Amino acid sequence: MKKRFFLLIPAAVIVACVALWAVSSASGTKGHLESRLGLSFPTGTEIVCEDSHGGFHGDGVLTAVVRIPNSQAGESTVESIAKQWTPLPVEEDWMEQFQSVWTDYGKTLGKLPQNTEGFWFYRDRYKERYGEVCAYNPVMQNCTFAMLDAETGLLYVLEVDC
């Protein structure tokens, strides 16, 4: 009886670990981006990203290109973006900063598109946390920036944590 009980404990631990792994991998980058952007990506969404986050404080930069599928669900996502986000263009001085960081950290993802039709999103997470804009770096300090190129259906995401 005791032998069976001791065999059940490791089995239960393995099952719990597998369940946690399945839940955490399902959320992963897709879940993180959905949470940050307030969106729900449809089935078939493809995400390619580079992420330099790490270390004790978790500082780093996430750059991602999201291909929204050309489907009815994908069109629904684009319509949601169009209702919630600001039409392009992005303010020129802000765009220069986003482009500079993107170039430094998203080297394999290509350049951010210029002069395109679409929408953009900016979230100042520093201000959300501390109640004021960062005096040192008011645009790029703990922010999430996203830009949808409506012509290609590509969503470019830049997340900076300092």
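Since the structure is predicted, the reported quantities are computational estimates derived from the model, not experimental observations.
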Between the OG1 atom in T45 and the CD atom in E34, the distance rounded to the nearest 0.5 Å is 7.5 Å
Apart from V157 itself, members of its ILVMFWY cluster (side-chain separation under 4.5 Å) are L33, L37, L39, F41, I47, L62, V66, I68, V78, I81, W85, F119, F121, L148, L155
Side-chain donor-acceptor distances from residues 92-105 under 3.5 Å, at least two apart:
| from | atom 1 | to | atom 2 | distance (Å) |
| --- | --- | --- | --- | --- |
| Q99 | OE1 | Q114 | NE2 | 2.8 |
| W102 | NE1 | G110 | O | 2.7 |
| T103 | OG1 | Q99 | O | 2.8 |

Rounding to 0.5 Å, atoms OG (S35) and NZ (K30) come to a distance of 13.5 Å
Closest non-hydrogen atoms of P113 and M147, given as atom of the first, atom of the second and distance, are CD-CE, 3.4 Å
| Just wondering, are more than 12 heavy atoms of other shown residues or ligands nearer than 6.0 Å to CZ in R67? | no
dist E159:CD -> F145:CZ (nearest 0.5 Å) comes out at 13.5 Å
Are any side-chain N or O atoms of E151 and backbone N or O atoms of T116, one a donor and one an acceptor, separated by less than 3.5 Å?
no
Between the CD atom in E128 and the SG atom in C143, the distance rounded to the nearest 0.5 Å is 11.0 Å
Rounded to the nearest 0.5 angstrom, the CG-CD distance for L154 and E46 is 9.5 Å
In this structure, CZ of R129 is separated from CG of N142 (nearest 0.5 Å) by 8.0 Å
For A73 and P42 the tightest heavy-atom approach is CB-CB, 3.4 Å
- Item | E91, CD: over 12 other non-hydrogen atoms inside 6.0 angstrom | yes
